Amino acid sequence: MPWIDGRTVPPRAQSAHQEAEHLLRTLLASPRPYRYRDFGSLVSLGHYQTIGQLMGFVASEKFRVEGFLAKMFYVSLYRQHIWALYGFWRMALDTLAQMLRRQTQPKV
């Protein structure tokens, strides 16, 4: 799908989410042109390392995050996805299960 200056929309979950929302709005109301907004990327590089770049987060500029702050953004974004897919209670139970399991899993 075209995005900016002939480039296509990147194949990411955020793109699919925005396209699904656009499709739903188009089916329920009058069609509007699709507009992709890039909010950035977060990548988990293991249990303790995360790095990312957020777009439009601070004064419409790129904002690089890494370490603990990036990990918190990553975990909260993951929990939002679980909530959207399965609902609040399943997300809450999954979070609790992760906390309990973390205490019993060996650290590698």
Side-chain angles (χ1 to χ4, degrees):
M1 179 173 286
W3 177 31
I4 298 174
D5 301 328
R7 296 186 328 198
T8 58
V9 174
R12 298 186 197 151
Q14 115 177 237
S15 310
H17 183 80
Q18 290 180 27
E19 288 172 352
E21 282 184 349
H22 178 73
L23 176 64
L24 180 65
R25 286 190 195 126
T26 300
L27 292 174
L28 296 177
S30 62
R32 287 186 279 174
Y34 175 72
R35 194 184 119 211
Y36 172 71
R37 292 183 58 205
D38 188 5
F39 294 108
S41 300
L42 289 169
V43 178
S44 178
L45 302 172
H47 189 67
Y48 296 104
Q49 292 294 321
T50 304
I51 190 166
Q53 186 171 0
L54 306 176
M55 311 284 222
F57 184 68
V58 178
S60 300
E61 303 227 356
K62 295 178 182 178
F63 180 68
R64 182 183 169 130
V65 292
E66 56 186 63
F68 182 74
L69 182 62
K71 187 67 170 184
M72 291 298 101
F73 283 146
Y74 184 85
V75 169
S76 70
L77 185 60
Y78 174 73
R79 293 291 159 204
Q80 286 177 357
H81 286 297
I82 297 296
W83 188 343
L85 288 174
Y86 301 114
F88 173 78
W89 291 109
R90 179 120 181 232
M91 182 271 306
L93 289 173
D94 183 62
T95 303
L96 180 62
Q98 289 287 335
M99 289 174 164
L100 293 174
R101 225 177 333 163
R102 188 172 298 141
Q103 294 175 358
T104 61
Q105 289 178 340
K107 295 188 178 179
V108 178

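Please read these numbers as outputs of a predicted model, since none were measured by experiment.
Following chains of ILVMFWY side-chain contacts shorter than 4.5 Å, one cannot reach F68 starting from M99, and the two form parts of different hydrophobic clusters. When hydrophobic clusters are built by joining Ile, Leu, Val, Met, Phe, Trp and Tyr residues whose side-chain heavy atoms come closer than 4.5 Å, directly or via intermediates, Y78 is not grouped with L96.
For the pair R79 and D94, the minimum side-chain heavy-atom distance is below 4.5 Å. When side chains are defined from C-beta on, R90 does not count as touching W83, because their heavy atoms never get closer than 4.5 Å. Side-chain atoms of I82 and T95, non-hydrogen and from C-beta on, never get closer than 4.5 Å to each other. The shortest distance between side-chain heavy atoms of S15 and R12 falls below 4.5 Å.
Proximity of a side-chain donor or acceptor of E66 to a complementary backbone N or O of G52 within less than 3.5 Å is not detected.
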H22 vs Q18, test: side-chain hydrogen bond (donor to acceptor under 3.5 Å, both in side chains). Steps then yes/no. CA-CA 6 Å; H22 178 73; Q18 290 180 27; over 6 Å; no

Go through the steps to decide whether E19 and Y36 satisfy the test side-chain contact (heavy atoms from CB on, under 4.5 Å), and finish with yes or no. CA-CA 8 Å; E19 288 172 352; Y36 172 71; over 6 Å; no

Does F73 form a side-chain contact (heavy atoms from CB on, under 4.5 Å) with L77? I'd like the steps, not just the answer. CA-CA 6 Å; F73 283 146; L77 185 60; over 6 Å; no

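In the displayed structure, Q49 atom CD is contacted under 6.0 Å by at most 12 heavy atoms of other residues, nucleotides or ligands.
Taking CZ of R37 as the start and CD of Q14 as the end, the distance is 10.0 Å to the nearest 0.5 Å. The line from OH of Y74 to OG1 of T50 is 7.5 Å long, rounded to the nearest 0.5 Å. Taking CG from L45 and NZ from K71, the interatomic distance works out to 9.0 Å, rounded to the nearest 0.5 Å.
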